[in-house]
Structures are given as structure tokens and as C-alpha cells.
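Here's the structure we're looking at; comments come further down.
Letters A, B, ... are given to chains in the order of the sequence lines, protein chains preceding strands, and every chain is numbered from 1.
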Amino acid sequence: MDYKSTLNLPSTSFPMKANLPQREPDFIKFWIDNKIYEKALSLKNKNKRYILHDGPPYANGHIHIGHALNKILKDIVVKNKLLEGYYSPFVPGWDCHGLPIELNVTKNLGPNAKTTPFSEIRKLSREYAQKFIDIQREEFIRLGVFGIWDKPYLTMSKEYEANIAKVLVNLADKGVIYKGEKPIHWCFHCGTALAEAEIEYYEKESPAIYVKFPVKESKVNVDGKLFVLIWTTTPWTLPGNVALAFSEELEYVVVSFDGKEYYVLAKNLVNEVSYKLGKDPSYLKDISMEDVKSLKVFHPFESRESKVVFSEHVVSDTGTGIVHIAPGHGIEDYEVGVRYGLLLLSPVDDEGRFTEEVSEWKGIKVFEANKLIVEYLDKIGVLLHYESYKHQYPHCWRCKNPVIFRTKPQWFFNVSEKFIKSKALEEINNVKWVPSWGKNRIESMVKNRTDWCLSRQRAWGVPIPAITCKKCGKTYLGGSWGKHIVEIFLRDGVDVWFEKSIKDLLGDFKCDCGGNDFEKEKDIVDVWFDSGVSSFCVLDEREELSSPADLYLEGSDQHRGWFQSSLWPSIAIKGKAPYKNVLTHGFVLDEQGRAMHKSLGNVVSPEEVIKKYGADVLRLWVVSEDFTEDLRIGDHILEKVVDAYRKIRNTFRYMIANLYDFSENDKLPYSKLTDIDKWVLDRLYSVSKNLIEYYDNFEFNKVYRNIYDFFNIELSSFYFDVLKDRLYTGKRDGIKRRSSQTAMYYLLSFMVKFVSPILSFTSEDVWHHFFKDRTGISSVFLTEYDTIPDEWNNKEIRENFDTVLYVREVVLKALDIARRSEVINSSLEAKVYIDTSNKKIKEILEYYKDSLWEFFIVSQCVVESFDPSNLIYYEEEEIRVGVSKAEGKKCERCWIYSTTVGSNPDHPTICSKCLEALCNF
RNA sequence: GGGCCUAUAGCUCAGGUGGUCAGAGCACAUCCCUGAUAAGGAUGGGGUCAGUGGUUCGAAUCCACUUGGGCCCA
């Protein structure tokens, strides 16, 4: 007889091989065609909200692995909240304005760029951004990310743009926007301001000079004239000098080479100066920081003081350890100037010529003036040394000419204003930062933050709707004018600013002085402001959303970026942070822990990973690492993730296959379950509690670990292995089999849901193969986590099995020895003897004595004192184990050895247990 | 150059307030099974906890410095 056909072997069409790259698109199609996310949301419409607000990626280029990491993490949060029963709408966004897009557009225009009108550049930029929004949207969807993809927010949408202007006007009304000056890169050849990205560094030859600044007063006593010595490669910036910066980290000395003139400079640069002069010092003395602070220094040719200040940016690798400060001609200088309240001079016009403020060289281009200034310094006796110096210098990317720093009027957001800054710091304290050091990080950045320069001299962005009266020079941004122009923007879009004349926009607005002839502001607002006001333009505007958001989740670089740009406007207008929780993730590095660079050839793209392994593998990778730190990725790491994926998939498959003949009606009540099934439900109870806690704390790596370990240790290697006998050979609807199937049904139902925020495709695959028809629910994402019955929490069973499992370890070692001694091959060929002096253990073993053979997967197991001779013997701690060949013959059906084999002449090759099972076959 | 973060077996990770803390899973090797089968099970070998120097009776765990790596600034 063919006994194999009488077994209840696992049966399923759920494929072992996932074939994710090919099959995942079908699930995406299913989700989209059946509007699964929309349905899930509408099911939870009345429930508590959970708002994760998307930080908009820049609409330029394809997504990289960092984008994938970010969106997958967000998706895990959103799906988990959905399954917890929250209404969690995810509205994806894109950052659309800004220089990189404008540059790509103008690059494509080639030499025509200069003559292309603003409005055309804006139109092309808009098309360019839209193209990449469409590309990136498909790429995000391919990752399995749920979101309201057909209604994302775009910072270039008509409403969003108008709202940007509205928030800006609101801020102006709050009195935190002001007009000031700031140095910018300027190409006087092209007559335009340049952004950092438009600067190229080339070698340039400049005059390097040592200049003596006369000291008028000090505590330093020398027998001659005292000077502070500086070194510069831009003599033309000297007319703008207002200060001399020292470093508190350096030591200074007074040195003389001729006994007549004495110079203050950094101690460790004396040798360099001495070498250049070709003279040894005739006098050298340390001076204290107090001495330095006592110096009252004057400008070498202007009749004003050159103030002594201190700055960290002063170093002693070259020069004199004292830096001449011209706040109008350098960013660092400017910042020092802001800190010390220094005069801001920028006596240079658009063509790079000195203005009349510098009467001596008025009208002369600054680079040509260099030579004249050096000659002049020499003439008045303050030039110590001159040489030609080659160094890296910024040049215009377009015309390749050297650029300069000069100041232009700019719009600022006054964040250093006391009230705003202290309010911001207070609010930072009310936000939960994950990981916790994020708070420290943003706090120190906020503390040191200087005013935010909002204006950009560009085309692709939202105009700053300010006007200046030509008659009296008064500038308007907020007030009734602001209200008026925002109304127009909301109705017609911000493009009218560029397209219409000021007269058309003005309405009946008049200047306080009575004038009605105005000039339009040409600058646009910084892109960081665009995304920074998203809580106003998205959370406050869209019905399904609200502010403050429950969560912002971005890379740790956003402490400087979006988290801050979002904080300031919200603080200034609402007095509140726009978020309750802020979670940051690290950066994705290669397997060696190095940043990815095209030149290193170590870039891993999400597209490649999906093509080779599938999105679920990428999703599993995300949680297999600790995302609060930097993450590593590469083929070796991904292979490991694939292994883990296979294990999880197979565990699901095993459950599905063994439940092929089980339905809800076959479920047994908890009280009827066998102990091992009660044990596994106790494990499921504790795993479930853990998982919910881990999910809520964003500890996804622990979620992964807990699931993976549960599948490997408890389920695969013990529970499922033990179950095989009763599932395959037991009576089809026998109590033991149904008991285990009941537990397995819960395992499958609970775990497929817990896994679904991570392995969304695979979970849906499982759902469709098993639960869809049984429940009538078409998607796992239309369900919620199962409630965890408290009766599963069974301390007694747990403790019993702790003991059983401990003894099992010892037994397995004994079996291994028996196997290596060639006493047995399969563990079913063994009979096991166990004895222990531990009363408690013995009690438990005796209680389970009829099940031990099953737990250990052997044919016979006895608990009694035994003679170890003639047995394979092993002991550990108090456990003594003996192994011999099992008694009786191998049953052809269940493969267990039994003395009952042959007792029935009709079935001479099978055991009594199998005979019983066959009765109702 | 500065701020923040980071360094534990081949990989991914555990190791509150210092004293069985040198762990887990996977991978690997060897063996078993062939009724989860391009699956399943068992046993085993792997680390001077980046380095140096301190504090301490005692440090992976505290402190300092160094080195490597990352983010943000300069």
C-alpha cells in the first residue's frame, strides 16, 4: 500500500521562489486599480489621525538610495499606523524651485541663455521640474510606498506659490523681515550675482602683501613704533577694512627686525616673515591676550580705527595670524562684522570700479587698483613686504573671469531677534527628537544661527512682492500692500509679478508720501523658505491634514536644513514648532563605510537593487540596519538580506501549506489546545506586544530582529519541526492536529500583518494566497492588527517549556555524539534516556513524559535512572542523557521506530499510532 | 580648522548606573534528513570589544588623546 498518500502533507500554490522583480509590479497594479490605500484611509476616516509630513525631495534627477531609505521608512510608519487603526494620510511632496533646476535649464539653452526672458526660463524650469516629479513618483511607487500620489504637493503649484508669498507677507507684518546688506559673489564681467554652485576655482596670481597697521594705544611697551602686521592677497579690499581679527587660540609676539619698528604677529609665523624679509629678528617678546586686547589700531590710510576682534576662522598656517576684516568683501568677514556690529563698506559698483567713497582710486577697476594701492602703501611707509602669490581663486563659471565679493541689498529673516530665538529653543524642548542627540544638534545650530538671508538674484522661484517708492524711497512688503498683492497672487498666480507692469499690479495703492510710481523687487525668495513654509501651505491648507504634524522624518543633514527652515516661520507666526516628533536617519555608505561617489564606482542605486532582488529586499535591508546611524549597502550585505528574506518567506509558506485543509470553523478554543501550542501562543503574545512597542518607538531594527529570531529559533527550528509528525501523520481532524493548526492560524494571521509594513509585497502575496478568500478582505492593508488575547499569556507553560527546551539542548548534543559515533543517523532512530538530580526539572519532565519523544523528535524517550554503559552518554550540569538505538522497527508510514510495527497482519509495516490514523482515512 | 555622530566575531546587531559581558542570529565548517526539498534539522570553530594612555582592587562599559568613517559648517 502507498502509505505516503495517506499523509496530510503540506500543500500550497504559494511559490517558494518569490521572483520579486517580476511579480512586484502586479501587486502595485492591484493596489492602484483597487485603490487600496484610498479604501484603507476611508475605512479609518473617523479614527484618530497620525500625520507624517513629507519633506519634499528636490525634483531633479532620479531617486538615489538615500531617497529610497527615506521613503521606505516613512512608508513603514504610515502603514504601521494604518494597521494600528489610525487615519494616516501620506501626502508626498516635491521641492521644485531653485538654482540647480534653473542652471540645468540655462545650460540647455547654451549661449541663448543670456537673452532668454525671465518668463521663458521660468516656463522651462517648470517643465523640467514636472518631468522629474513624474519620474520620481513612479520610482517611489515602485518601492511599494503608499501615498496620495495623484494629489501630491508641489512647491511650484499655483496655490503653493501664492501661499509662500502669503507667509512671507505675514512674517513682514510680524516685523521679522528686514532689508540689509550682505556680500555676495559678483561677476562684474557678466554684471550678475553668482551662487556658490556657479563658482569654479582656478589658480590665479595675486599680489600678496604684508601691511603695517599703526597702533595708537596699548599696554605693550616697546622702544619704537608699534604696528599690527597683516597679510592679504586682495589689496583692493583694504579701503573696506574696519577691523583686525585675532585668534584666541594663538599666541602672539612683538617682533622687530631693525630696532625701530615693532610688529605684533602670531608666534609661530615669525619664522616665515623673517624668511621672507631675509632678516633675523633683533627683538622678540611674547605678549599676553590681555595685551592684544589693549591694542587700539588705526587704518593705515583711512582716518578711522581698525577694531581688534576675535574669530575662530583665524589660523596660523600662512600670513601673520591676524586677518584684515572687510565685512563687505567676504562671508567670514561679514559674519565677524555682524557679531561685532562693524561698519559694512562696499565701495565697488556693478562694473567692479571703486565708487566715490574711495576718492583716491575712484572709477578704477579693483584688480587694476591692486597695483596702485600697493604702490601707495609703500609710499606712505606701511608696506613691509610684497610678493606675487599663486592660489585658488573663485571664477565665474560662465565667463571664467575672477569674481569678487561685494554687498548688495538683501532681505533677511530676523531669527537672531531675542524673542524668536528663545521661543525656538523653548519649542525644541517640547519636541521629541529621535535619536535624542538630534536635539542637542539642532539646539546648538539654532543658538549660533545668524539672520536668514531670504533673497536670491534668480529667476526660478517665488518673487518677493516688495515695492519701493521712486519718489521717497520707502519700501513696502507687508501691510495693506501685502494683503493686496497676496490676493492677486492667490487669484492669478505669482507669475503676474513677472508678466504684468507695476502699474497693473498696484491697484489704487499709494505711497505714504503720495507717490504712485514704484519699482518692483527683482529678487526671489530662497528655496529653503519654500519648503520651510510647507506646514502652512500643506498641513494648514489640506483638509485631510493638520499642523503641527505628528512626525517629520528626514536625514540628519536636515537639522541644518528643513527642520530649521520649518521651525523659524512657524515660531514667528504661531509661536509653535510645526512638528511633535522629529526622527532622523543616517546616510547610506558602501560596504567599506565610505560615502558613495561616482568616481569611486561604489554607488548602489535603488533601481539596480529592485531589478536584481526586488523592492521587498530593499525594504528588508532598511530594517535590517540601525537607521539612526549611517547604513551600509553592497552586494555582500544584500545577499545576507536575501537569505533572511527567504527564511521569512519560507516560514510563511510552511504555515500556508499546513493550513490547506483548515478553516475558521476548525479552530479550537484555547482551553482545548495542547501545551506546545499554548506555548507558541505565549511566545506570539510576547512577540506581538514587543513588536507594537518597537513599531511605536520607531525601533524597526528591533522589529526585524524580533520577527527574524522568532521565525528562526522558536518556529522553524523547534515548533514547526516538532509539529511535522502530528500534522503529517496524525488524524486529519484529530485534536492534536487541529490544536496545532489553530495556533498556526493565529501565527500566520498575526505575523503577516506585523510584517506587512516592511515586506509589503510578500505580505500581500501571503494574504492573497490564504486570507483573501477566507475573510473576503482583498488586501492585508485593509485590516488591522489582531487583538492579543490575554489568556495567551501563560506563565506556567512558559516556565515548563523553558525547562523542556533547556533539556532539549542537552539531548541534541547527545544525539549529535550518537550520530557521529554512527549509532544513529536520523534522530528518529534513537531512544533517549534522561535522568536528573534536579527535582524541579525531573517533575516537569515526568509531567511531559508522554510528549518528550515528540519534542525531541526521537522514537522513544524515558525519564528514569539508567546505566550509562552500552549507551552513548552525555551530561551537562545536572542533566544526564543516554542514547541507544530505538526499539522495534521503523514504521513505513510515520518513520518512527515502534515495537507495535507488524502487530496488524493487514498492515505489517506500520505502527499502531498510524493504524489508528488510518481508521478514518 | 570647528560642532555633532560613529568604531564589539565574515555580516547585521545585543551588551541601563564599570565586576560570569565577551553574547545573539545569520554566514562558514562538519554531520543528519530527503514527507517545508534551489527547503528542513544538529553540532562546532570564530572577536586582545579601532589604537594609546589614564581613573579604579577591577573597563568593551568612565576620562583624555590618536586613527578611520559619516553629516553639517568653516
Side-chain angles (χ1 to χ4, degrees), chain A residues 3-12 14 16-17 247 249 311-317 331-332 335 435 437-445 447-449 555-561 564 584-596 620-621 623-626 628-632 634 636-644 646-647 649-658 701-702 704-713 716-718 720-725 727-729 808-809 811-822 824-829 857 893-895:
Chain A
Y3 291 113
K4 187 168 174 177
S5 63
T6 71
L7 297 172
N8 302 305
L9 292 179
S11 161
T12 180
F14 186 82
M16 180 176 276
K17 193 165 184 295
S247 167
E249 312 288 311
S311 172
E312 314 81 66
H313 86 274
V314 177
V315 289
S316 62
D317 48 2
I331 286 290
E332 287 161 333
E335 274 162 11
W437 50 256
K439 181 181 153 193
N440 180 19
R441 187 170 156 117
I442 193 164
E443 216 168 52
S444 70
M445 284 172 175
K447 271 182 192 155
N448 296 323
R449 165 107 210 194
S556 59
D557 55 334
Q558 299 304 333
H559 287 117
R560 179 94 201 165
Q564 246 192 89
T584 53
H585 60 252
F587 279 70
V588 184
L589 313 173
D590 73 3
E591 288 187 318
Q592 276 71 45
R594 289 171 204 283
M596 291 182 186
L620 194 61
W621 166 78
V623 295
S624 78
E625 308 240 345
D626 177 1
T628 61
E629 290 171 17
D630 290 339
L631 301 85
R632 299 185 180 197
H636 295 100
I637 289 170
L638 283 168
E639 288 296 342
K640 297 280 153 58
V641 177
V642 168
D643 287 339
R646 275 202 279 259
K647 183 75 191 184
R649 183 179 182 86
N650 250 299
T651 305
F652 279 125
R653 182 170 181 272
Y654 182 80
M655 290 189 268
I656 293 172
N658 279 296
N701 182 253
K702 285 189 180 170
Y704 164 77
R705 196 131 233 108
N706 206 180
I707 291 173
Y708 191 44
D709 285 350
F710 183 52
F711 278 22
N712 266 308
I713 302 167
S716 191
S717 76
F718 176 60
F720 289 167
D721 210 23
V722 165
L723 252 42
K724 284 176 189 167
D725 180 65
L727 289 174
Y728 301 172
T729 74
R808 180 174 175 268
E809 277 180 42
V811 170
L812 289 177
K813 280 178 198 167
L815 288 172
D816 193 59
I817 295 167
R819 195 157 29 233
R820 283 171 205 276
S821 313
E822 296 181 11
I824 59 165
N825 286 312
S826 159
S827 61
L828 282 177
E829 291 169 32
I857 316 181
R893 184 167 177 276
C894 70
W895 297 346

Considering just the side-chain nitrogens and oxygens of A/Y728, establish if one lies under 4.0 Å of OP1 or OP2 belonging to B/A36. yes

Sugar-phosphate only, base, or nothing, as touched by A/S827 at under 4.0 Å among non-hydrogen atoms: nothing

Can you tell if the side chain of A/H585 reaches within under 4.5 Å of the side chain of A/S556, non-hydrogen atoms only? no

Output yes when at least one side-chain N/O atom of A/K813 is less than 4.0 Å from OP1 or OP2 of B/U43, else no. no

Checking contacts here: which listed nucleotide (B/C13, B/U30, B/A74) is nearest the side-chain heavy atoms of A/N701? B/C13

Watson-Crick or G-U wobble mate for B/G1, both contacts under 3.5 Å: B/C73

Any luck finding a side-chain donor-acceptor pair between A/Q564 and A/H559 under 3.5 Å? no

Students often get this wrong, so: under 4.0 angstrom with heavy atoms, is A/R653 touching a base, only sugar-phosphate, or nothing? sugar-phosphate

How would you label the contact of A/N650 with the nucleic acid (heavy atoms, under 4.0 Å): base, sugar-phosphate, or nothing? base

Nucleotide of B/U37, B/A27, B/C71 approaching A/M16 most closely (side-chain heavy atoms): B/U37

Looking only at side-chain N and O atoms, does A/D725 offer a donor or acceptor that is under 3.5 Å from a partner on A/T729? yes

Checking all strands, does A/A644 fall into the base, sugar-phosphate, or nothing category for heavy-atom contacts under 4.0 angstrom? nothing

Could you check which nucleotide pairs with B/A24 in any of the strands shown, counting Watson-Crick or G-U wobble with both distances under 3.5 Å? B/U12

Closest heavy-atom pair and its distance - A/D630, A/F587: OD1-N, 2.8 Å

Across the strands shown, which category fits A/R820 at heavy-atom distances under 4.0 angstrom: base, sugar-phosphate, nothing? base

Is there a stack between A/W895 and B/G35, judged by ring centres under 5.5 Å and planes under 30°? yes

Pick out the pairs of N or O atoms, protein on one side and nucleotides 2-6 of chain B on the other, that lie under 3.5 Å.
{"unit_1": "B/G3", "atom_1": "N2", "unit_2": "A/R441", "atom_2": "NH1", "d": "3.1"}
{"unit_1": "B/C4", "atom_1": "O2", "unit_2": "A/R441", "atom_2": "NH1", "d": "3.2"}

Do the side-chain N or O atoms of A/K647 get closer than 4.0 angstrom to the phosphate oxygens (OP1, OP2) of B/A39? no

Who is the Watson-Crick or G-U wobble partner of B/U43, with both distances under 3.5 Å? B/A29

Considering only heavy atoms from C-beta outward, does the side chain of A/K702 approach that of A/N706 to under 4.5 Å? no

Using a 4.0 Å heavy-atom cut-off, does A/E332 contact any base of the nucleic acid, only the sugar-phosphate backbone, or nothing at all? sugar-phosphate

With the 90 degree cut-off around zero defining syn, does B/G46 come out syn or anti? syn

Classify A/Y708 by what it touches in the nucleic acid, base, sugar-phosphate, or nothing, heavy-atom distance under 4.0 Å. sugar-phosphate

For A/I857, report the nucleic acid contact type (base, sugar-phosphate, nothing); a contact means any heavy atom under 4.0 Å. nothing

